[in-house]
Amino acid sequence: MLSRASLAVATAAAIALLAPPAAPADDEAIPRTASGRPDFTGDYEIATLTPLQRPREFGDNLYLTSEQAEEIVGRERERVAARAAVRQIDEPPPPGGAPPIGLGDEFREASGAGNVGGYNNFWTDRGSDVFSIDGRFRTSIIVDPPNGRMPQLTAEMMQRLSERRGRRQGNDGTAWWLDVEGPGPYDGPETLGVPERCLIGFGSTGGPPMLPVLYNNAKRIVQTEDHLMILVEMVHDARIVRIGGEHIPEDERRWLGDSIG
């Protein structure tokens, strides 16, 4: 098992090493391929409490203090313990179903008409620590822009999201789409999203970039002299990077894109 690290950093380093560098004396412990390139083959688990976007209170500060990192880990332990204490195996369901999920809440169970409940802590893996690079804890995964936050959406994308929200309706247990013109959201599997049909992974599990998600954060790297394969636990996507390869024709599209290094 290789050391816990950000897979994005490890992968970027791996596919950038096209020519074997000269190895200093203290670098002999690094696993290498037959040609001398660093070999990233191994198992990685990228769940982390480090957020994708930097909390606004940190501004442009890239690093946490040790005390701040310990506080984040402590809060997560308290959260997990509190949620584990809420329900026991012999506890009856709440009278009105699970409470509705809130945008500002931590992950809360909610699914189906009446919110009968969904995943709980047993099924999730948000990580148990914040990651560090060169011994320093990061405030966010994003480092560019300097504020560590995603840039503002374009006007076109904001319009598309607004239209999509306007078509959304909660699952109230009725076939409400029968009274709506056009195809309904549940008329067949073709109308469901590809992640829901488990054709590709959820969120950004398969990349690029590969980001931590609520569960199934394990990755396996297998490296040869001319290929690097990253097997993703979520839906078992496999991203294959052709080292020294050329891109496929522009009119050819693939589920996970076209990766060369």
Side-chain angles (χ1 to χ4, degrees), residues 1-17 30 38 40 42-84 101-108 119-121 123-154 157-158 161 195 201-221 230 232-234 237 239 257 259 261:
M1 177 72 71
L2 299 183
S3 60
R4 186 186 185 96
S6 167
L7 187 63
V9 175
T11 305
I15 62 179
L17 294 169
I30 295 178
F40 286 85
D43 296 317
Y44 295 79
E45 206 279 333
I46 69 167
T48 179
L49 298 179
T50 304
L52 174 62
Q53 296 195 84
R54 185 175 307 148
R56 296 185 187 278
E57 60 264 28
F58 291 116
D60 291 349
N61 187 6
L62 184 60
Y63 300 107
L64 295 167
T65 65
S66 297
E67 292 75 18
Q68 289 171 326
E70 291 175 1
E71 182 181 355
I72 292 173
V73 172
R75 285 203 306 264
E76 178 65 12
R77 288 174 179 166
E78 292 175 359
R79 187 194 73 86
V80 171
R83 285 177 53 78
I101 191 168
L103 294 178
D105 296 342
E106 297 291 351
F107 184 75
R108 300 278 299 280
Y119 291 134
N120 58 21
N121 279 343
W123 303 101
T124 64
D125 178 17
R126 288 164 30 100
S128 57
D129 55 24
V130 293
F131 73 79
S132 64
I133 296 178
D134 292 334
R136 305 188 70 180
F137 298 103
R138 290 289 180 91
T139 52
S140 60
I141 295 176
I142 294 177
V143 297
D144 187 20
N147 66 359
R149 301 188 65 82
M150 289 186 287
Q152 178 68 38
L153 295 175
T154 64
M157 178 55 70
M158 293 178 68
L161 291 177
F202 305 93
S204 299
T205 58
M210 291 185 176
L211 299 173
V213 288
L214 193 60
Y215 56 91
N216 287 5
N217 284 298
K219 319 287 183 186
R220 170 167 293 178
I221 292 180
I230 307 174
V232 181
E233 181 181 12
M234 183 74 81
D237 289 335
R239 176 167 292 281
S259 302

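Just so we're clear, the structure is a prediction, and the values are computed from it rather than from any experiment.
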(message) Testing the basics here: between Val73 and Asp129, what is the closest heavy-atom pair and its distance to 0.1 Å?
(response) CG2-CA, 3.8 Å
(message) Under the rule for side chain to side chain contact (heavy atoms under 4.5 Å, CB included), what residues qualify as partners of Asn217, not counting sequence neighbours?
(response) Glu45, Ile46, Ala47, Pro212, Val213
(request) Could you tell me which non-hydrogen atom of Arg126 sits nearest to which non-hydrogen atom of Leu49, and how far apart they are? (result) O-CD2, 3.6 Å
(request) Return the set of residues passing salt bridge (Lys or Arg N to Asp or Glu O under 4.0 Å) with Arg220 (not counting sequence neighbours), or none when no residue passes. (result) Asp43
(message) Restricting to side chain to side chain donor-acceptor pair (under 3.5 Å), what partner residues turn up for Gln68, sequence neighbours left out?
(response) Thr65
(message) Taking side chain to side chain donor-acceptor pair (under 3.5 Å) as the definition, give me every residue that meets it alongside Arg77, ordered by chain and number, with sequence neighbours left out.
(response) none
(request) Grab the two heavy atoms, one from Ile221 and one from Tyr44, that are nearest each other, plus how far apart they are. (result) CD1-CE1, 3.5 Å
(request) Look up atom CZ in Arg149 and atom CZ in Arg56, then write down how far apart they are to the nearest 0.5 Å. (result) 4.0 Å
(request) Sort and list the pairs that fulfil salt bridge (charged side-chain N to carboxylate O under 4.0 Å, His left out) and have at least one residue in residues 62-73, not counting sequence neighbours. (result) Glu71-Arg75
(message) Looking at every heavy atom in both Phe131 and Thr50, which two are closest together, and how far apart are they?
(response) N-OG1, 3.1 Å
(message) Using 0.5 Å steps for rounding, measure from the CE atom of Met234 to the CE atom of Met210.
(response) 12.5 Å
(message) Nearest 0.5 Å, please: how far is CG in Asp134 from OH in Tyr63?
(response) 7.5 Å
List the atom pairs, with distances to 0.1 Å, where a side-chain N or O of residues 136-145 and a protein N or O form a donor-acceptor pair under 3.5 Å, not counting sequence neighbours.
| from | atom 1 | to | atom 2 | distance (Å) |
| --- | --- | --- | --- | --- |
| Thr139 | OG1 | Arg54 | NE | 2.8 |
| Thr139 | OG1 | Asn61 | O | 2.8 |
| Thr139 | OG1 | Leu62 | O | 3.2 |
| Ser140 | OG | Arg54 | NE | 3.3 |
| Ser140 | OG | Arg54 | NH2 | 3.4 |
| Ser140 | OG | Ile142 | O | 2.7 |

(request) Calculate, to the nearest 0.5 Å, the distance between atoms OH and CG belonging to Tyr215 and Asp125 respectively. (result) 12.0 Å
(message) Please check this pair: side chain of Asp237 against backbone of Gly201, looking for a donor-acceptor N/O pair closer than 3.5 Å.
(response) yes
